[in-house]
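Notes to accompany the following structure.
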Amino acid sequence: MVYPFPLERVAFAGLLTGTAFIAFAGNVAAQDDAQVARGEYLATAANCKSCHTGEDGAAYAGGLPVDTPFGTLYSPNITPHAGTGIGDYTEADFVASMRDGVNGDGEAMYPAHPYTFYNEMTEADVQAIWAFLQSLEPVENQVEVNQLTFPYNLRAGLRAWQAVFHDPDTRFQPDEAKSAQWNRGAYLVEAVTHCGACHTPRNIAFARDQERMLEGAEIRGWYAPDISAGDTSQIDDWSVDELTTYLQSGEAADDETSFGPMDEVVHESLAEMTTDDVRAMAVYLKDVRPTEPREVQGSISRDYMAMADAERLYITQCSGCHRRDGEGVPGAAPTLDDNSAVTAAKPNNVVMSMLQGLPPRADWGGMPSYADLLSNTEIAAITNYVRTAWGNDATQRTTPKLVGELRLEATDVMEDDPWQAMCANLPRSQVDGDLVTYMGELSQQGFTDAEVTRAVEYYAREFPEVDAGTALLGLSTAYCRHLAQSEPNREEALRMIGELNGRLASEIGREMPEVAAAN
């Protein structure tokens, strides 16, 4: 903190004024606390902790690997530890890292650190983040050396890159023709939360293409969609209220959910921001117009023979959770029909979800990885099917070659716990221990047709308030949890669950409405 007069003069005045100095010291402490709290809020909005916390590591102590086209970078330790963190930094050093892209040793920093966005932040906000980081407990953690290929491992070239693509003196300039709310949203989107780091395409030099701001880009295999206002934007049909809800909760109308890298941004950052700030971001995003008009996706061509084959795959592997009509199960499996994430300009997110799987959250079940179960051709077929089935109007552009390329980007989220995302995370009101035991007993006989019918009847009787779609997911989950107790081969378990799901879907559609009515 910068004081308006020397501290030694304050101390001398305190000796003369007694209790008056105590009161002044209390005010200074309160100001410091407020500065730290403000800095913590801004650091959360900027999602600093997620990037600067390694797997199973201490918060802000660094070590998270960041894959780039040029090799792997490791996020630095930004706790105030001298030697391994930023304990030797001065405030001027920190400001230089945020604005100029220069570390404490005077070396140019790789633009994986979003200093090309943070340079637009106000001086007061940068100082507040510094105050917060200095308040953290120092953590000793020597971060692994970056593993970049030649010539990208030479920092000298970064100076030339910065000279061409980065102006450290740029600051956010409010638009006087817009409202205070719009300008607050613009500041948060363009500077603090740096949405363009993922949603803006980059040129051959890995710099942002400023002419295509927020028009969508690929990141680590996932597709960050077009979020600029306009006909091709994924949020074009959303209201400000709907977009605000999505940004804060990860859920939108019609049971759409966030997933992939955006899920982390929502739950680690945006969900912790005030509703006023998130709404301001929504107001701004709904008003951002593309620099040049873009072509709307053309007419849809479908290979109906391939669609029939893909439908059979979908029913076997996916309908157990997402239903045959793609409507999903509220609170368990998101809808695929009329889901803007499914019909985005690129199919990457559907493919990556199938390859990588999705971990369960408190309010949604997990999704297993199909990387070991389905071939590139089968994943491409299912992806094309869900993007064009029901009311969806995307294109059938997914090829086995694309799936193969994305397979190299995918990581196995269940590597340490193969069952983490295998079984849906349903409450006891839909799946209890008795149901798990019962499904285990039926499975010993191989699930004959009669036993599948008995399972549906049992569920209708024990859980009469649950609809047919949730019943299917509940029975499937109970069987999954039974299998998890014996930890079988995951590929074989997925095959068995998928086979049961297909039979349950048929049986529930025919039997459950009548059984439920009778009970």
For the side chain of [X] and the backbone of [Y], is there at least one donor-acceptor N/O pair under 3.5 Å apart?
X    : Y    : answer
R323 : T335 : no
K286 : M281 : no
D263 : G250 : no
N392 : A394 : no
R184 : D276 : no
S75  : C51  : yes
E378 : L313 : no
T53  : Y60  : yes
D337 : E327 : no
R387 : V342 : yes

Can you find a heavy atom in the side chain of [X] that is under 4.5 Å from one in the side chain of [Y]?
X    : Y    : result
M496 : Y479 : yes
M262 : L270 : yes
L285 : W238 : no
R407 : I379 : yes
S476 : L500 : no
M439 : L475 : yes
T193 : N47  : no
Y41  : M273 : yes

For [X], enumerate each residue passing the ring pair (Phe, Tyr, Trp, His ring centres under 6.0 Å) test, keeping only those at least two apart in sequence or located in another chain.
X    : value
Y187 : F172
Y284 : W182
Y115 : H113, H166

Looking only at heavy atoms, which two atoms of [X] and [Y] are closest? And how far apart?
X    : Y    : value
C48  : Y118 : SG-OH, 4.4 Å
G404 : N376 : CA-ND2, 3.4 Å
Q181 : V283 : OE1-CG2, 3.5 Å
P174 : N183 : CA-OD1, 3.2 Å
W161 : P111 : CH2-CB, 3.6 Å
L64  : S50  : CD2-O, 3.3 Å

Measuring from [X]:[atom1] to [Y]:[atom2], what's the distance to the nearest 0.5 Å?
X    : Y    : atom1 : atom2 : answer
T116 : D167 : OG1   : CG    : 11.5 Å
E409 : L355 : CD    : CG    : 11.0 Å
L188 : D277 : CG    : CG    : 5.0 Å
I227 : I235 : CD1   : CD1   : 6.0 Å
Q248 : L243 : CD    : CG    : 10.5 Å
D338 : L336 : CG    : CG    : 11.5 Å

Listed by chain and number, what are the side-chain hydrogen bond (donor to acceptor under 3.5 Å, both in side chains) partners of [X], not counting sequence neighbours?
X    : result
N119 : none
T79  : N77
K178 : D287

- Message: What verdict does the side chain to side chain contact (heavy atoms under 4.5 Å, CB included) test give for V102 and R159, after you've listed the backbone C-alpha separation in whole Å, the side-chain angles of each residue and the deciding distance to 0.1 Å?
- Response: CA-CA 10 Å; V102 177; R159 290 289 189 182; 3.7 Å; yes

- Verdict with reasoning, I129 to M121, per side chain to side chain contact (heavy atoms under 4.5 Å, CB included): CA-CA 11 Å; I129 293 176; M121 292 175 62; 3.7 Å; yes

- Query: Would you find more than 12 non-hydrogen atoms of other residues, nucleotides or ligands less than 6.0 Å from R208 atom CZ?
  - Reply: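 Result for CZ/R208: enclosed.
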
- Item | Criterion side chain to side chain contact (heavy atoms under 4.5 Å, CB included) against P201, the qualifying member of E211, M213, R212, E218 |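 Between P201 and the candidates, side chain to side chain contact (heavy atoms under 4.5 Å, CB included) is satisfied uniquely by R212.
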
- For side chain to side chain contact (heavy atoms under 4.5 Å, CB included), just list the numbers for N348 and W222, CA-CA rounded to whole Å, side-chain angles, deciding distance to a tenth of an Å, and then say yes or no. CA-CA 5 Å; N348 295 44; W222 298 90; 5.8 Å; no

- Answer yes or no on whether R202 is positioned over the face of F165, meaning its NZ or CZ is under 6.0 Å from the six-membered ring centre and within 45° of the axis.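 No.
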
